[in-house]
Amino acid sequence: MTKLVNLTPHPLILVGEGGERVSIRPSGRVARVETLTTLVEILEVEGVRVPLLETSYGEVEGLPNPAEDTLYVVSSIVRAACPHRRDLVSPTRLVRDEAGRIVGARALTR
């Protein structure tokens, strides 16, 4: 059986094909990517001044080394920053409540 380690700061609710749910608690360790933001210019949109920023990503922090039979649940940004890591997964096929808030995921993506 594959072990899931949640490297996000919040519980992950997985929704099975039959509607059953399982909660994966945060591990206490959070994987993050350094974010670098630079002001490109100020746009004027219908009389409102809005900054146009350029974002780039730096080093990944908090990511453990690969472990046998283990998948690490991370944000899609962390996963994209580490394309060589086949052990990183992110929630997809999100489930939303009546107010549009995310309450679970029907799948994980690699």
**Student:** Has the side chain of S90 got a donor or acceptor atom that lies under 3.5 Å from a matching backbone atom of V74?
**Tutor:**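 Judged by distance alone, yes, a pair lies under 3.5 Å.
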**Student:** Mind checking whether V89 and V60 sit in one hydrophobic cluster, side chains of I, L, V, M, F, W, Y counted as touching below 4.5 Å?
**Tutor:**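 No: no chain of side-chain contacts under 4.5 Å links V89 to V60.
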**Student:** Are the side chains of L43 and E41 in contact, using a 4.5 Å heavy-atom criterion?
**Tutor:**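 Counting from C-beta outward, E41 and L43 do come under 4.5 Å.
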**Student:** Looking at NZ of K3 and CG of D69, how far apart are the two atoms once the value is rounded to the nearest 0.5 Å?
**Tutor:** 10.5 Å
**Student:** What's the separation between atom CG in L39 and atom CD in E54, rounded to the nearest 0.5 Å?
**Tutor:** 10.5 Å
**Student:** Just how far is it from atom CG of L36 to atom CD of E59, taken to the nearest 0.5 Å?
**Tutor:** 10.0 Å
**Student:** Considering all heavy atoms of both residues, which atom of S23 and which atom of P11 are nearest to each other, and what is their separation?
**Tutor:**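 Shortest heavy-atom contact: OG-CB, 3.9 Å.
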**Student:** Between R32 (side chain) and E61 (backbone), is there a donor-acceptor pair under 3.5 Å?
**Tutor:** no
**Student:** Side-chain heavy atoms under 4.5 angstrom apart, residues restricted to Ile, Leu, Val, Met, Phe, Trp, Tyr: same cluster for V45 and I42?
**Tutor:** no
**Student:** Would you say V103 and V15 make side-chain contact, with heavy atoms under 4.5 Å?
**Tutor:** no
**Student:** Does any part of the side chain of V73, heavy atoms only, come nearer than 4.5 Å to the side chain of P91, both counted from C-beta?
**Tutor:** yes
**Student:** Taking all non-hydrogen atoms of both residues into account, name the closest pair between L63 and C82 and its distance.
**Tutor:** CD2-SG, 3.9 Å
**Student:** Linking I/L/V/M/F/W/Y whenever their side-chain heavy atoms sit closer than 4.5 Å, directly or via other members, would L108 and V30 fall into one cluster?
**Tutor:** no
**Student:** Check whether any side-chain heavy atom of T35 sits under 4.5 Å from a side-chain heavy atom of Y57, and report yes or no.
**Tutor:**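 Counting from C-beta outward, T35 and Y57 do come under 4.5 Å.
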**Student:** Does V48 reach the side chain of E46, with side-chain heavy atoms less than 4.5 Å apart?
**Tutor:**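 They are not in side-chain contact.
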**Student:** Can you tell me how far OH of Y72 sits from OG1 of T8, rounded to the nearest 0.5 angstrom?
**Tutor:** 14.5 Å
**Student:** Indicate yes or no: at least one non-hydrogen side-chain atom of L7 is less than 4.5 angstrom from one of P64.
**Tutor:**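 Side chain of L7 against side chain of P64, heavy atoms only: contact under 4.5 Å found.
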**Student:** Could you tell me whether the side chain of V95 reaches within less than 4.5 Å of the side chain of I13, counting heavy atoms only?
**Tutor:** no
**Student:** Might you confirm whether atom CD of E68 has over 12 heavy atoms from other residues, nucleotides or ligands at distances under 6.0 Å?
**Tutor:**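 No, because the 6.0 Å sphere around CD of E68 holds 12 heavy atoms or fewer from other groups.
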**Student:** Determine whether V22 and V5 fall in the same hydrophobic cluster, where Ile, Leu, Val, Met, Phe, Trp and Tyr are linked whenever their side-chain heavy atoms lie under 4.5 Å apart.
**Tutor:** no
**Student:** To the nearest 0.5 Å, what is the distance between CG on L94 and CZ on R101?
**Tutor:** 14.5 Å
**Student:** Kindly compute the distance separating CG (N65) from CG (D87), expressed to the nearest 0.5 Å.
**Tutor:**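 One finds 9.5 Å between CG of N65 and CG of D87.
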